[in-house]
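One structure below.
Hydrogens, waters and symmetry mates are skipped; everything else that's a heavy atom, side chains included, is used.
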Amino acid sequence: MTDCLYGSLGASLYVPATHQQLDSILREGCHHARSLIICTEDAVAESDVTWAVHRLLKALKAAPHDVPHLRFVRPRSPAVLATLLAAPEAMARLDGVVIPKFDGQTAGEWQAVLDHAPTLAVMPTLETAAMFRDTGADAVLCALQKLHNPVIALRIGANDLLGTLGIKRQPGQTIYDTPLRGTLERIVTTFRPAGYELAAPVCDLIDEPETLGRELAQDIAWGFYAKTCIHPTQIDVVEAHFTRALSRQQDQANALLHADAAVFRHEGQMLEKTCHGGWARRVSSLKLKAIS
């Protein structure tokens with residue numbers, strides 16, 4: 001189930017729970033986004049949390065079950081998650097939850113609540129200073145292995161990570177041009193071998209499609225096949241890059257998986273079953289076409 005959901009995430013659009021059109025977004029979607037993440041955390045002021053959660057629960061209960069997009073909620077805290085879980089009619093409209101600021105220190109509080117809903121799919125977010133340390137990443141890995149819930153993917157909170165350094169991305173910079181490059185390398189090399197999929201971080205340069213495009217090329221090269229979006233105008237750019245890349249990669253993967261030769265040339269590249277078999281099986285399993 002989680003593999004299927006990861007392949008269907010595509011460009012995940014974050015929507016504040018305070019959005020004026022929340023009801024219609026949950027019902028009809030937004031700009032053909034394949035997945036929506038309704039946020040009650042950083043996108044909502046502290047003074048508005050209670051109202052936002054109440055409004056979200058009401059909107060979810062009124063939303064149809066059968067929609068062409070995936071729906072997730074990002075609860076502000078374990079207490080907010082507990083409030084959501086106490087409303088099964090609302091939870092029935094969700095495909096899972098996004099857990100913010102998940103690390104070795106916060107994991108226990110989240111797990112205490114999630115233990116009451118062990119079948120609920122989750123996407124923990126890696127966005128605290130713990131990610132700057134090998135020991136912090138290892139602690140997250142241990143915490144993940146204790147979770148009973150299916151993990152769709154781990155999301156990377158680049159803005160929070162930059163914030164802990166007192167840095168904000170500047171115009172023209174991809175996330176790989178910032179000091180987070182080494183951290184992203186650590187996240188990939190720690191969690192991918194352990195079997196966890198990863199969602200690429202948001203690009204907060206809304207009016208720079210060229211910068212977003214350069215970042216997406218690097219995302220794909222690093223094996224990210226889902227990405228956070230904060231504005232509807234980013235969705236088509238993200239989906240176009242994923243579609244083109246996956247079409248090419250799946251052609252290569254299929255050639256490799258059905259070849260008799262152990263090593264051969266395909267479209268100017270060497271393909272080797274022993275080395276590239278894991279990549280081929282992973283890419284072939286992804287279904288990134290837009291949900292109709």
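Both Tyr225 and Leu9 are part of a single hydrophobic cluster, where members link through side-chain heavy atoms under 4.5 Å apart. Using a 4.5 Å cut-off between side-chain heavy atoms of Ile, Leu, Val, Met, Phe, Trp and Tyr, with links allowed through other members, Tyr14 and Ile206 fall into different hydrophobic clusters. Under a hydrophobic clustering in which Ile, Leu, Val, Met, Phe, Trp and Tyr are joined whenever their side-chain heavy atoms come within less than 4.5 Å, directly or via other members, Val49 and Val97 fall into the same cluster. If you chain together hydrophobic residues whose side chains sit under 4.5 Å apart, Val122 and Leu141 fall into the same group. Linking Ile, Leu, Val, Met, Phe, Trp and Tyr residues whenever their side-chain heavy atoms come within less than 4.5 Å places Leu147 and Ile99 in a single cluster.
Checking side-chain atoms of Thr125 against main-chain N and O of Glu127 turns up no donor-acceptor pair under 3.5 Å. Judged by distance alone, with hydrogens and angles left aside, the side-chain atoms of Arg74 form no donor-acceptor pair with the main-chain N or O of Glu41 at under 3.5 Å. Side-chain N or O atoms of Thr40 include one that pairs as donor or acceptor with a backbone N or O of Arg76 at under 3.5 Å. Checking side-chain atoms of Thr189 against main-chain N and O of Glu185 turns up a donor-acceptor pair under 3.5 Å. Side-chain atoms of Gln170 come within 3.5 Å of backbone atoms of Lys168 as a donor-acceptor pair (strictly under, hydrogens ignored). Within the 3.5 Å criterion, the main-chain N or O of Arg282 finds a donor-acceptor partner in the side chain of Ser285.
Qualifying side chain to side chain donor-acceptor pair (under 3.5 Å) partners for Asp134, counting only residues two or more places apart in sequence or in other chains: Arg186. In terms of the ring-ring contact (aromatic ring centres under 6.0 Å, His included) criterion, Trp279 has no residue partners (sequence neighbours excluded). Looking at residues two or more places apart in sequence or on another chain, you find no side chain to side chain donor-acceptor pair (under 3.5 Å) involving Glu89. Every residue was checked against the side-chain contact (heavy atoms from CB on, under 4.5 Å) condition with Gln20, not counting sequence neighbours, and none meets it. Under the rule for a side chain to side chain donor-acceptor pair (under 3.5 Å), the partners of His65 that lie at least two apart in sequence or sit in another chain are Arg93. Residues passing the side chain to side chain donor-acceptor pair (under 3.5 Å) test with Thr106 are Asp103, sequence neighbours excluded.
Nearest heavy atom pair, residue Ala52 against residue Val44, reads CB-CG1, 4.0 Å. Minimum interatomic distance between Ala33 and Leu13 (heavy atoms only, all atoms of both residues): CB-CB, 4.0 Å. Closest non-hydrogen pair, Pro171 versus Leu205, comes out as CA-CD2, 4.1 Å. Closest of all the heavy-atom pairs between Leu126 and Leu161 is O-CD1, 3.9 Å. Among all heavy-atom pairs drawn from Val140 and Gly104, the shortest one is CG2-N, 4.0 Å. For the pair Lys61 and Ala87, the tightest heavy-atom approach, listed with the atom from each and the gap, is CE-CB, 4.2 Å.
Sorted pairs that involve residues 70-116 and meet ring-ring contact (aromatic ring centres under 6.0 Å, His included), not counting sequence neighbours, are lacking altogether. Among residue pairs with one or both ends in residues 266-277, those qualifying as side chain to side chain donor-acceptor pair (under 3.5 Å) are Gln252-Gln269; sequence neighbours excluded. Among pairs with a residue in residues 143-161, those fulfilling side chain to side chain donor-acceptor pair (under 3.5 Å) read Ser12-Arg155, Lys101-Asp160, Arg155-Thr228, at least two apart in sequence or across chains.
Looking only at side-chain heavy atoms (C-beta outward), Leu184 and Ile156 come within less than 4.5 Å of each other. In this structure, Ser8 and Leu70 have side chains that are in contact, with non-hydrogen atoms separated by less than 4.5 Å. Within the 4.5 Å cutoff, the side chain of Thr178 has no heavy atoms near those of the Leu165 side chain. Residues Met91 and Leu120 meet the side-chain proximity criterion, which asks for heavy atoms closer than 4.5 Å. In this structure, the side chains of Ser35 and His69 stay at 4.5 Å or more apart for every pair of heavy atoms. You'll find the side chain of Gln21 reaches within 4.5 Å of the side chain of Ser24, heavy atoms only. Between Cys229 and Val202, every side-chain heavy-atom pair lies at or beyond the 4.5 Å cut-off. Contact of the Leu198 side chain with the Ile187 side chain is registered, since non-hydrogen atoms from C-beta on lie closer than 4.5 Å.
We find the NE2-CG distance between His19 and Leu26 to be 11.0 Å, quoted to the nearest 0.5 Å. Summarising the geometry, atom CD belonging to Gln249 is positioned 12.0 Å from atom CG belonging to Asn254; distances are rounded to the nearest 0.5 Å. Rounded to the nearest 0.5 Å, atoms OG1 (Thr50) and NE2 (His54) are 10.5 Å apart. Expressed to the nearest 0.5 Å, how far CZ of Phe242 lies from CZ of Phe224 amounts to 9.5 Å.
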message = Is there a side-chain contact (heavy atoms from CB on, under 4.5 Å) between Leu22 and Ile38? Walk through the geometry before answering.
response = CA-CA 9 Å; Leu22 180 64; Ile38 311 303; 3.9 Å; yes
query = Does the side-chain contact (heavy atoms from CB on, under 4.5 Å) test come out yes or no for Tyr6 and Val151, once each step is laid out?
reply = CA-CA 9 Å; Tyr6 177 75; Val151 178; over 6 Å; no
query = Could you go step by step and tell me if Thr164 and Thr128 meet the side-chain contact (heavy atoms from CB on, under 4.5 Å) rule?
reply = CA-CA 7 Å; Thr164 65; Thr128 70; over 6 Å; no
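Side-chain N/O atoms of Asp177 and Thr174 include a donor and acceptor closer than 3.5 Å.
Exactly one of His32, Gln234, Arg34 qualifies for a side-chain hydrogen bond (donor to acceptor under 3.5 Å, both in side chains) with Glu239. That residue is Arg34. Of the residues listed (Ile25, Asp95, Ile37), the one engaging Arg71 in a side-chain contact (heavy atoms from CB on, under 4.5 Å) is Asp95, and it is the only one.
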Side-chain donor-acceptor pairs under 3.5 Å in residues 209-223, sequence neighbours left out?
from, atom 1, to, atom 2, distance (Å)
Glu210, OE1, Arg214, NE, 3.4
Glu210, OE2, Arg214, NE, 2.9
Thr211, OG1, Glu208, OE1, 2.6
Arg214, NH2, Gly172, O, 2.7
Glu215, OE1, Arg169, NH1, 2.6
Glu215, OE1, Ile175, N, 2.7
Glu215, OE2, Lys227, NZ, 2.8
Asp219, OD1, Tyr176, OH, 2.6
Asp219, OD2, Lys227, NZ, 2.8

Counting only pairs under 3.5 Å, give me each side-chain donor-acceptor contact of residues 77-85, with atom names and distances, residues two or more places apart or in other chains.
from, atom 1, to, atom 2, distance (Å)
Ser77, OG, Ala79, N, 3.4
Ser77, OG, Val80, N, 3.2
Thr83, OG1, Ala79, O, 3.1

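Within 6.0 Å of CD on Gln105 lie no more than 12 heavy atoms contributed by other residues, nucleotides or ligands. Under a cut-off of 6.0 angstrom, the local environment of NZ in Lys58 is sparse, with at most 12 non-hydrogen atoms contributed by other residues, nucleotides or ligands.
Counting Ile, Leu, Val, Met, Phe, Trp and Tyr side chains that sit under 4.5 Å apart, directly or through other members, Leu257 stands alone, with no cluster partners.
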